[in-house]
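Okay, structure first, notes after.
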Amino acid sequence: MWNGKTVSIVFPAYNEEDNIAEAVGDFKNVSAVDEVLVVNNNSKDRTAERAATAGARVVTETIQGYGAALQRGLRDATGDYIILAEPDGTFVGRDVIKLLAYAEDFDMVCGTRTTRELIWEQANMGWFLRLGNIIVAKMLEFLFSGPSLSDCGCTLRLIRGEARDRIVERLEVNGSHFLPEMVIVMLLNGLRIIEIPVNYRGRVGESKITGNFKGAFKTGMRMIFLIWRLRIFGNK
């Protein structure tokens with residue numbers, strides 16, 4: 001609990017058995033955290049079993065996709081503050097406190113993985129990914145009159161429960177380009193956002209989204225197309 005408010009962590013998980021228990025334990029060890037919710041997205045390994053054994057509440061999302069799993073997590077999380085994260089070891093549980101420090105003043109607090117001093121040596125954040133994240137984030141910032149943004153694809157973010165209730169039915173993207181949609185829908189609804197630097201470590205296993213150049217390029221193009229589509233046609 002944080003200043004009288006409950007805190008939920010949401011992990012989208014697809015075949016994450018190698019690190020899911022460690023991730024659950026790392027975030028559960030933060031005294032402010034009340035709940036760790038793992039959204040099992042049709043994993044074919046022991047992700048769900050290991051998450052439950054580590055103390056997480058596990059739900060299953062049968063619609064395949066990163067965005068679908070995160071949307072399910074947003075709907076099912078019980079906390080007043082909901083923090084999206086990753087179970088692959090890239091994020092540090094203690095950074096939850098950084099996000100919570102801004103929670104009373106903003107509707108969403110987004111992490112950025114582009115601060116060089118916080119990018120660990122093993123992290124998958126080479127110059128191409130880092131520059132691409134910054135460029136796409138600045139495009140979003142300019143087209144939607146947003147706050148200063150530098151990372152369009154960072155999962156680690158906090159949203160207040162009342163803000164979640166306002167936007168969750170407007171979210172449509174089930175795929176890997178869900179994160180910028182969430183930011184845009186927040187801005188279209190007049191909600192307040194700030195971005196802060198967070199640690200970014202090397203992940204356990206290979207990324208299913210940006211693990212290679214082709215995947216990173218495809219995700220980036222989907223994000224750009226989404227940003228322009230929402231700028232021209234708006235959100236439902």
Side-chain angles (χ1 to χ4, degrees), residues 9-14 16 23 39 41 64-71 73-74 82-92 95 98-99 108-116 118-120 122-144 146-159 167 171-187 193-231:
I9 307 296
V10 172
F11 286 135
Y14 174 68
E16 297 285 358
V39 182
N41 195 206
Q64 192 64 45
Y66 182 70
L70 287 173
Q71 289 181 55
L74 287 171
I82 302 160
I83 296 174
L84 307 183
E86 294 278 4
D88 58 11
T90 51
F91 295 122
V92 179
D95 276 349
K98 292 182 186 178
L99 303 177
M108 186 159 74
V109 185
C110 294
T112 175
R113 305 160 297 170
T114 59
T115 304
R116 284 181 294 181
L118 292 176
I119 301 174
W120 293 40
Q122 303 85 0
N124 179 29
M125 189 55 72
W127 70 268
F128 175 77
L129 278 177
R130 186 164 173 263
L131 182 62
N133 271 315
I134 292 172
I135 290 173
V136 177
K138 289 301 177 186
M139 178 189 301
L140 189 160
E141 174 187 333
F142 174 74
L143 290 175
F144 291 91
S148 179
L149 298 172
S150 62
D151 189 354
C152 58
C154 183
T155 308
L156 190 60
R157 58 183 59 184
L158 174 151
I159 183 170
I167 72 162
L171 300 173
E172 301 175 341
V173 173
N174 290 331
S176 58
H177 48 308
F178 167 80
L179 295 170
E181 181 198 33
M182 187 178 178
V183 173
I184 292 169
V185 174
M186 292 282 291
L187 293 174
I193 300 174
I194 192 171
E195 186 182 76
I196 64 170
V198 296
N199 285 281
Y200 191 57
R201 304 185 295 190
R203 68 158 287 151
V204 176
E206 183 178 347
S207 171
K208 303 168 186 68
I209 298 174
T210 59
N212 54 58
F213 177 85
K214 181 179 179 180
F217 180 78
K218 183 183 295 186
T219 297
M221 293 306 297
R222 285 175 176 168
M223 288 181 175
I224 291 170
F225 178 79
L226 171 78
I227 290 168
W228 278 104
R229 178 174 66 81
L230 292 178
R231 180 65 183 87

I'd like to check [X] versus [Y] (side-chain heavy atoms, cut-off strictly below 4.5 Å). Are they in contact?
{"X": "Thr112", "Y": "Pro197", "result": "yes"}
{"X": "Ile193", "Y": "Val109", "result": "no"}
{"X": "Leu118", "Y": "Val198", "result": "no"}
{"X": "Phe178", "Y": "Pro12", "result": "no"}
{"X": "Val10", "Y": "Leu74", "result": "no"}
{"X": "Pro87", "Y": "Arg203", "result": "no"}

#### Entry: Results of salt bridge (charged side-chain N to carboxylate O under 4.0 Å, His left out) for Arg157 - residues two or more places apart only
none

With sequence neighbours excluded, residues passing side chain to side chain contact (heavy atoms under 4.5 Å, CB included) with [X]:
{"X": "Arg229", "value": "Glu172, Phe225, Leu226, Phe233"}
{"X": "Ile167", "value": "Ile159, Leu171, Met182, Val185, Met186, Asn189, Leu191"}
{"X": "Arg201", "value": "Asp26, Val92, Trp120"}
{"X": "Ala85", "value": "Ile9, Phe11, Phe27, Leu156"}

Taking all non-hydrogen atoms of both residues, which atom of [X] and which atom of [Y] are closest, and how far apart?
{"X": "Phe144", "Y": "Leu230", "result": "CZ-C, 3.8 Å"}
{"X": "Arg231", "Y": "Leu143", "result": "NE-O, 3.0 Å"}
{"X": "Thr90", "Y": "Asp88", "result": "OG1-OD1, 2.6 Å"}
{"X": "Leu187", "Y": "Gly146", "result": "CD1-CA, 3.9 Å"}

### Message
The criterion is ring pair (Phe, Tyr, Trp, His ring centres under 6.0 Å); which residues satisfy it with Phe128, sequence neighbours excluded?
### Response
Phe213

### Query
Can you tell me if NZ on Lys218 sees more than 12 non-hydrogen neighbours from other groups inside 6.0 Å?
no

### Query
What do the steps show when you test Ser150 against Glu195 for side chain to side chain donor-acceptor pair (under 3.5 Å), and what is the final call?
CA-CA 8 Å; Ser150 62; Glu195 186 182 76; 2.7 Å; yes

### Message
Given 3.5 Å as the limit, does a donor-acceptor pair link the side chain of Gln64 with the main chain of Ala69, or not?
### Response
no

